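Chain A is the first sequence line, chain B the second, and so forth, proteins listed ahead of strands; every chain is numbered from 1. Remember, predicted model here, so these are calculated numbers, not experimental data.
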Amino acid sequence: MAKIHDRVDANSDGATTPARSLDFIRTIVTEDLRTNKWGGRVQTRFPPEPNGYLHIGHAKSICLNFGIAKQFGGMCNLRFDDTNPTAEEEEYVQSIQHDVKWLGWDWEDRLYFASDYFEQMYQWAVELIKKEKAYVCDLRADETSQHRGTLTKQGNDSPYRNRTAAENLDLFERMRKGEFSDGAKTLRAKIDMAHANMNMRDPVMYRILHATHHNTGDKWCIYPMYDWAHGLEDSIEGITHSICTLEFEDHRPLYDWFIDAINEGRGPGSPQGEKVHHPQQIEFARLELTYTVMSKRKLLELVKGKYVNGWDDPRLPTISGLRRRGVPPEAIREFCDRIGVAKFNSTIDVQLLEHCIRDYLNKTAMRVMAVLRPLKVIIDNYPGGQVEELDAINNPEDASMGTRKVPFSQVLYIERDDFREDPPKQFFRLAPGREVRLRYGYFITCKSVVKDPKTGEVTELHCTYDPATRGGDSPDGRKVKATLHWVSASHAVQVEVRLYDHLFSKENPNETPDGGDWKSNLNPNSLDSLIPAYIEPSVASAAPGSRYQFERVGYFCVDLDSTIGKLVFNRIVTLKDTWAKIEKKQG
RNA sequence: UGGCCUGUGGUGCAAUUGGCAGCACGUCUGACUCUGGAUCAGAAGGUUCCAGGUUCGAUUCCUGGCAGGCCAGCCA
C-alpha cells in the first residue's frame with residue numbers, strides 16, 4: 001500500500017505542489033478510501049450558525065472541508081446550522097454565503113438548512129420516545145441545572161424521568177402545538193445522570209421557543225438543540241467526515257449515542273426501516289492568531305461598542321474585514337494550507353499570514369509610485385515648464401504586465417523619511433550633498449535645505465539633476481546607494497491613505513494585568529489616516545478593490561469609501577523594511 | 001475526590017509506524033539588485049514536558065508523574 005505523498009493544491013495556477021505529509025484528518029480520509037469504508041465517497045460540510053460574520057478561523061475550517069472534498073474527489077455542502085431563532089438573522093445567512101464564495105469555494109446546488117430537516121428530526125424524536133429513550137421534563141432551566149450535578153458530583157434523576165411513552169408522546173405533541181410557554185417543558189434524552197461526561201446526563205433535545213425563525217417563520221415553537229440536531233443533519237446529508245473543533249470532543253459520545261438510538265431496532269427487514277447513515281465526527285484545533293481576537297463574542301463587542309467601524313473594518317480578522325483591507329483570497333487559502341491541522345491549541349504568528357499576502361501580491365500586484373508623507377523637491381537646473389514621460393515597469397516579476405509612462409517635472413514630492421539632514425550610520429538615502437537616484441528618473445544631488453524659520457521643520461529641498469542619467473542609468477557607471485520613489489507635484493493625484501496596524505498592541509490580547517479588560521490592550525495607533533498623500537496619475541481612476549504595490553512602501557487596496565476624484569487607499573501590508581529594523585536597533 | 005484531549009527549535013507543523021529529529025515563518029550573515037522589495041547562498045537555534053521501563057536502538061511502545069486546553073446553556 002502506497003502512502004499518498006502528492007497532493008494537489010487549490011492554487012489558482014493549478015500547479016501541483018510537492019509533497020507535504022498528510023495531516024491526521026487527511027490520513028483518516030485516505031485510510032477510509034483504502035478500506036472502502038464509505039463506498040469511495042468523501043462528503044464533508046461547512047456548518048456555520050448564521051449568528052455572526054465569518055472570520056479567518058472559519059476560513060481554516062472552510063478550506064479544510066472544501067479542500068478535502070476537492071482533493072479526494074468528494075463534495076462539500078454549505079449547511080446553515082440554524083436551530084436557534086433567537087440568535088440568527090438573514091443578514092448573516094447572506095454574508096456567510098458571500099464570504100465562502102469569495103474565498104473561492106463552490107457548494108454548487110448543495111445549500112442546506114438544518115431547519116429544513118425539522119420535521120424529520122421530530123419524527124425521530126417520536127421514535128426515541130417510543131423506545132423509552134427520551135422523555136418530556138417539566139423542570140425549569142435552573143432546576144435542570146441543579147439536578148445535573150457538578151464535574152465531580154453525579155446528578156439526580158428528574159422526577160419526570162419515568163413518564164410512560166404514551167404520556168411523553170402526548171406531551172411532546174402538545175409542546176409542538178404550542179400549548180406550553182417558553183421554558184415550561186423540554187424533551188430530554190434518557191441516558192445517565194451519573195455519567196462522568198456531563199453531556200450524557202440526560203441532555204435536552206428540544207426546548208420551547210415561541211420565536212420567529214428566519215427560514216421557517218412561525219411554523220415551529222420547539223427547536224432542537226445542537227447535540228440532537230447536528231448528527232442528524234450530517235446523517236441526512238450522507239456526510240462521511242463530520243469535521244468540527246476541539247470543544248466538541250466530549251460531545252462525540254452523544255453524537256454517536258443519538259444515531260445509535262435511532263438505529264436501534266432498524267435494519268434489513270425491520271418495520272422501522274433501514275439504519276440511518278452514521279458519519280464519523282473528527283475534531284481539530286481552531287485557529288488563533290497573534291495580535292487579534294477570534295471569538296464571536298469579542299468580535300461582536302468590538303463592533304457593537306464602536307471600537308471599530310463595522311464588521312468589515314480592515315483591522316478585524318473577519319473575512320469581510322480582510323476583504324476590505326485588500327487581502328486576496330488566494331493568500332488566505334495559502335495561509336490555511338500552510339498552518340496545518342492538528343489537535344494542539346496553538347497560536348499562529350500573524351507574520352505568516354503577512355508573508356502569504358506579500359508572496360501572492362509580489363507576483364500579481366501592479367507597481368506604482370505614491371508619496372505618503374510628502375516633502376517638496378525642486379530641481380533647480382531642470383527646465384521650468386518641461387514635462388517628460390518616463391517609462392516605468394509595472395511588475396518586475398511579470399514582464400507581461402508591461403510598462404507605463406510616469407510624468408517628470410521640475411517640482412516633485414519625495415517621502416519625508418527619505419531625507420535626513422543629519423543622516424545616521426547606514427542611512428543610504430538623501431542628505432545634503434548626497435546623490436541618489438529617482439526611480440526611472442534621474443540622479444539628483446541635494447544642494448540646500450529650506451526650513452520653516454519658526455519650527456525648524458524642513459519644508460523643501462533644492463537639488464540638481466544629471467541630464468545624462470535619464471531613465472535612471474548613469475553612463476559613466478557611477479553608483480548611488482539609494483533609489484527613491486517620487487511623484488511630480490503638478491501631476492500627482494491627491495488621495496487619502498489609511499495605514500493599519502495590529503488591532504491590539506499585545507501578542508495575546510487576553511493577557512491583562514489581573515482584573516483588566518482585554519480591550520485595554522487595543523492598539524490606539526491601529527489606524528493612521530494620511531491626507532493628502534500623492535500618487536502618480538496612472539491610478540487616478542482605479543476601481544475599488546484594485547491592489548497595488550506602492551514601491552518601497554507596501555501593498556495597498558482601493559477602499560470602498562473611494563469616490564470619483566477622491567481615492568482612499570488601505571494599506572494591506574507593508575513591504576519588508578530592512579532600514580526600519582536597523583533604525584529600531586539603533587534606538 | 002470527575003471525564004476527555006494535547007505536550008517536538010522563538011512560532012506553527014513533519015518524521016516512511018522503533019533507525020543519526022526535518023520543513024515553513026521568524027531571527028542573524030553574505031551575494032545580487034534602478035524597490036534597503038524580490039531573488040540566491042549560508043548560519044544560529046532541540047535534554048522531542050519529566051522520571052522510570054522494554055529494546056542493540058524510543059519523538060514513536062509501556063508505567064507513573066507534571067503542565068496546558070475543553071466540559072456543569074433550555075448556545076453552537
Pairwise C1' distance for C66(B) and A44(B), with rounding to whole Å: 31 Å

Parallel under 30°, tilted from 30 to 60°, perpendicular over 60°: which one fits the rings of Phe80(A) and Phe113(A)? parallel

Nearest to side-chain heavy atoms of Lys576(A), which nucleotide of U29(B), G26(B), G36(B): G26(B)

Test Tyr206(A) against Met121(A) for side chain to side chain contact (heavy atoms under 4.5 Å, CB included), laying out the working first. CA-CA 10 Å; Tyr206(A) 280 92; Met121(A) 291 177 188; 3.4 Å; yes

Would the His230(A) and Tyr226(A) ring centres measure less than 6.0 Å apart? yes

Look at all strands and tell whether Thr290(A) reaches a base, only sugar-phosphate, or nothing, counting heavy atoms closer than 4.0 Å. nothing

In whole Å, measure the gap between the C1' atoms of U55(B) and C70(B) for me. 37 Å

Look at all strands and tell whether Ile339(A) reaches a base, only sugar-phosphate, or nothing, counting heavy atoms closer than 4.0 Å. sugar-phosphate

Under-3.5 Å donor-acceptor pair between Arg338(A) side chain and G12(B) base: no

Which glycosidic conformation, syn or anti, is assigned to G52(B) if syn requires a torsion within 90° of zero? anti

Output the single nucleotide from G37(B), C71(B), C75(B) whose closest atom is nearest the side chain of Arg367(A). G37(B)

If we ignore angles and hydrogens, is there a donor and acceptor under 3.5 Å between the side chains of Thr403(A) and Asp391(A)? no

What about the rings of Phe569(A) and Phe550(A), do their centers lie closer together than 6.0 Å? yes

For A51(B) versus A15(B), give the span between their C1' atoms, rounded off to a whole number of Å. 25 Å

Look at the side-chain N and O atoms of Ser21(A) and state whether any lies under 4.0 Å from the OP1 or OP2 oxygen of U16(B). no

How would you label the contact of Arg429(A) with the nucleic acid (heavy atoms, under 4.0 Å): base, sugar-phosphate, or nothing? base

Separation of G69(B) atom P from Asn508(A) atom CG, nearest Å, is 11 Å

Assess whether one donor atom and one acceptor atom, taken from the side chain of Asp250(A) and the base of G3(B), lie less than 3.5 Å apart. yes

Gap between atom OG1 of Thr292(A) and atom NE2 of His55(A) - 0.5 Å precision: 9.5 Å

Is it the case that the ring center of Tyr442(A) lies less than 6.0 angstrom away from the ring center of Tyr465(A)? yes

Rounding to the closest angstrom, what is the interatomic distance between C5(B) and C74(B) at atom P? 24 Å

Please work out if Asp473(A) contacts a base, only the sugar-phosphate, or nothing of the nucleic acid, heavy-atom cut-off 4.0 Å. base

Measuring from the side chain of Thr152(A) (C-beta onward, heavy atoms only), which nucleotide among G2(B), G36(B), C74(B) has the closest atom? G2(B)

Quick one: label Glu551(A) by what it contacts on the DNA or RNA (base, sugar-phosphate, nothing), any heavy atom closer than 4.0 Å. base

Remember a base hit wins even if backbone is also touched, and classify Thr347(A) as base, sugar-phosphate or nothing at under 4.0 Å, heavy atoms. sugar-phosphate

Select base, sugar-phosphate, or nothing to describe what Arg358(A) touches, counting heavy atoms under 4.0 Å on all strands. nothing

Minimum-distance nucleotide (side-chain atoms of Ile348(A) versus C71(B), G12(B), C75(B)): G12(B)

Say you pick atom C1' in C23(B) and the same atom in G18(B); how far apart are they, in whole Å? 23 Å

How would you label the contact of Tyr226(A) with the nucleic acid (heavy atoms, under 4.0 Å): base, sugar-phosphate, or nothing? base

Given the 90°-from-0 boundary between syn and anti, U17(B) should be labelled syn

Could you give the distance separating U47(B) and G7(B) at their C1' atoms, to the nearest angstrom? 15 Å

Nearest of A72(B), C74(B), G3(B) to any side-chain atom of Met198(A)? A72(B)

Rounded interatomic separation in angstrom, taking CZ from Arg79(A) and P from A76(B): 13 Å

Below the 4.0 Å mark, does U27(B) have OP1 or OP2 next to a side-chain nitrogen or oxygen of Lys581(A)? yes

Would you indicate which nucleotide in U6(B), G36(B), A72(B) comes nearest to any side-chain atom of Thr483(A)? G36(B)

For Val480(A), report the nucleic acid contact type (base, sugar-phosphate, nothing); a contact means any heavy atom under 4.0 Å. nothing

Expressed in whole Å, how much space separates the C1' atoms belonging to A43(B) and G52(B)? 38 Å

Starting at CE of Met198(A), measure out to CZ of Arg201(A) and round the result to the nearest 0.5 Å. 4.5 Å

Please determine if a side-chain N or O atom of Thr83(A) lies less than 4.0 Å away from the OP1 or OP2 oxygen of C75(B). no

Is the distance from OP1 or OP2 of G73(B) to the nearest side-chain N or O of Arg148(A) less than 4.0 Å? yes

Asn84(A) side chain: which of G73(B), U29(B), A76(B) is closest? A76(B)

Under 4.0 Å, heavy atoms only, any strand: does Phe427(A) hit a base, just the sugar-phosphate, or nothing? base

Under 4.0 Å, heavy atoms only, any strand: does Tyr223(A) hit a base, just the sugar-phosphate, or nothing? nothing

Geometric class of the Tyr122(A)/Phe172(A) ring pair [parallel <30°, tilted 30-60°, perpendicular >60°]: parallel

Winner on side-chain proximity to Arg207(A), out of C74(B), G36(B), G26(B), is C74(B)

Does a side chain donor of either Glu91(A) or Tyr53(A) reach within less than 3.5 Å of an acceptor in the other side chain? yes

Phosphate-side-chain proximity, Lys585(A) and C28(B), N/O vs OP1/OP2 below 4.0 Å: yes

Students often mix this up, so state it plainly: with edges at 30° and 60°, are the rings of Trp579(A) and Phe427(A) parallel, tilted or perpendicular? perpendicular

For Leu438(A), which contact category applies under a 4.0 Å heavy-atom criterion: base, sugar-phosphate, or nothing? nothing

Taking for each residue the nucleotide of RNA chain B bearing the nearest heavy atom, is the 5' side occupied by Asp82(A) or by Trp579(A)? Trp579(A)

Between His485(A) and U35(B), does any side-chain N or O lie under 4.0 Å from OP1 or OP2? no

Both Tyr555(A) and Met225(A) contact RNA chain B. Taking the nearest nucleotide for each, which residue is further toward the 5' end? Tyr555(A)

Can you find a side-chain donor-acceptor pair between Tyr117(A) and Glu237(A) that sits under 3.5 Å? yes

Between the side-chain atoms of Glu397(A) and the base atoms of G37(B), is any donor-acceptor pair under 3.5 Å? yes

By the 4.0 Å heavy-atom rule, please label Gln549(A) as base, sugar-phosphate, or nothing. base

G36(B) base stacked by Phe428(A) (centroids within less than 5.5 Å, tilt under 30°): yes

Taking 4.0 Å as the cut-off, does a side-chain nitrogen or oxygen of Ser346(A) come that near to OP1 or OP2 on C13(B)? yes

Assign Thr186(A) to base, sugar-phosphate, or nothing according to its heavy-atom contacts below 4.0 angstrom with the strands shown. base

May I have the distance from Lys343(A) (atom NZ) to U8(B) (atom P), rounded to whole angstrom? 15 Å

Consecutive Watson-Crick or G-U pairs in runs of at least 3, all under 3.5 Å, in which RNA chain B is involved: B:2-7 with B:66-71, B:10-13 with B:22-25, B:27-31 with B:39-43, B:49-53 with B:61-65

Measuring only the C1' atom in each nucleotide, how far is G65(B) from U6(B)? A whole number of Å is fine. 16 Å

